[in-house]
Amino acid sequence: MTILLSITFMLGGIMTCMENKALVIVDVQNDFMSWGSLPVDGAEHVIPKINELQDQYSHIIITQDWHPEDHSSFKTTWPVHCVANTKGAECVDELDTHKAQLIVRKGFRQHIDSYSAFYENDHTTTTGLHGYLQQLGITDLDFVGVAYDYCVAWSATDAAKLGYNVTVIKNACASIGSVEEATDKMRQMGIIVNE
Ligand code: VGL
Ligand code: ZN
């Protein structure tokens, strides 16, 4: 009886923990793959890992970079990528999306870029994601996807600033620049970076 009760409590604990936690899959879109316009090294190779991880979560959120065709970042910083309603902006076919409950699109205002899933790069305009998570009682967020040093890092950093317990699963991410630099910055913010 005692053993049965302990097991029940333990399972209860694990379930509660799953209920409070969400996986955020960042920008697994065609344009960031080797066949896209802004390829991130190794990006397509993390997709099987992301699919496998999804079994462990009861809340899954996907983000998409979603730009107008004349987005300001195309003149200053990046090649044309993730234009709304194009194949390049679609999630990669191999990504399992059936468990995703919410898709957050960001970067659709012509004059502001948005790396973070929470705030655009003016650090003020919100995507609404924080309100959604608060209403579901989610306190813990795990991040995977691309690019590790841009949209993943910026999203994870904003999440930490907003008070979430944040983990970035590094081997389920692909980076544009230095992995070490991005890892150091995130760890300084109290983010857990798993090998
Ligand atoms: C991203 C550069 C430009 C990203 C988006 O998803 O990390 N990087 N737009
Ligand atoms: Zn972009």
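Note that ligands are numbered from 1 as they come in the structure, with each ligand's atoms numbered from 1 the same way. Here the structure is a predicted model, which is why all the values come from computation and not from measurement.
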Assess the pair His81 and Phe74: is the distance between their ring centroids shorter than 6.0 Å?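 Yes, they do, as the ring centres are separated by less than 6.0 Å.
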Are His130 and Tyr119 close enough that their ring centres sit under 6.0 Å apart?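 No.
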Salt bridge flag under 4.0 Å for residues Glu120 and Lys106: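 The answer is no: the pair does not qualify as a salt bridge.
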What protein heavy atom is closest to atom 8 (N) of ligand 1, reported as residue, atom name and distance in Å?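 It is Tyr150 CB, 4.0 Å.
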Can you pull out the closest protein heavy atom to atom 4 (C) of ligand 1? Residue, atom name and distance to 0.1 Å, please.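 Ranked first by proximity to atom 4 (C) of ligand 1 is Cys151 SG, 2.8 Å.
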Has Asn30 got a side-chain atom pairing as donor or acceptor with Thr86's backbone, closer than 3.5 angstrom?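 Side chain of Asn30 to backbone of Thr86, a donor-acceptor pair under 3.5 Å: no, none is there.
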For atom CG of Asp41, decide whether the heavy atoms of other residues, nucleotides or ligands shown that lie under 6.0 angstrom number more than 12.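 No.
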How about Gln110: does its CD atom have over 12 heavy atoms from other parts shown lying under 6.0 Å from it?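 Atom CD in Gln110 is crowded, with more than 12 foreign heavy atoms closer than 6.0 Å.
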Test item: side-chain donor near acceptor, [X] and [Y], under 3.5 Å:
| X | Y | answer |
| --- | --- | --- |
| Asn165 | Asp140 | yes |
| Ser155 | Asp158 | no |
| Asp65 | His67 | yes |
| Tyr150 | Ser175 | no |

Any His81 heavy atom less than 4.0 Å from ligand 1: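 A heavy atom of His81 does come that close to ligand 1.
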Could you tell me if any non-hydrogen atom of Trp154 lies under 4.0 Å from any atom of ligand 1?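 Judged by the 4.0 Å heavy-atom criterion, Trp154 does not count as contacting ligand 1.
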Using the side-chain hydrogen bond (donor to acceptor under 3.5 Å, both in side chains) rule, take Thr63 and Asp27 through it: C-alpha gap first, then chi angles, then the decisive distance, then the call. CA-CA 5 Å; Thr63 72; Asp27 299 3; 2.7 Å; yes
Taking N or O atoms only and a 3.5 Å limit, does [X] qualify as a polar contact for ligand 1?
| X | result |
| --- | --- |
| Leu38 | no |
| Asp65 | yes |
| Tyr115 | no |
| Ile176 | no |

Applying a strict under-4.5 Å side-chain criterion to I, L, V, M, F, W and Y, I'd like to know whether Trp154 and Ile169 cluster together.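 Same cluster: Trp154 reaches Ile169 through Ile, Leu, Val, Met, Phe, Trp or Tyr contacts under 4.5 Å.
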Taking 4.0 Å as the limit for heavy-atom contacts, which would you say applies to Val146 with ligand 1: side chain only, backbone only, both, or neither?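 Looking at Val146 and ligand 1, just backbone atoms fall under 4.0 Å.
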If the cut-off is 4.0 Å to any non-hydrogen atom of [X], which atoms of ligand 1 fall inside it?
| X | value |
| --- | --- |
| Ala147 | 4 (C), 6 (O), 7 (O) |
| Trp78 | 2 (C), 3 (C) |
| Asp27 | 4 (C), 6 (O) |

Just the protein N/O/S atoms under 2.8 Å from the Zn ion (ligand 2), please, no waters.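 Checking every protein N, O and S atom gives Asp65 OD2, His67 NE2, His81 NE2.
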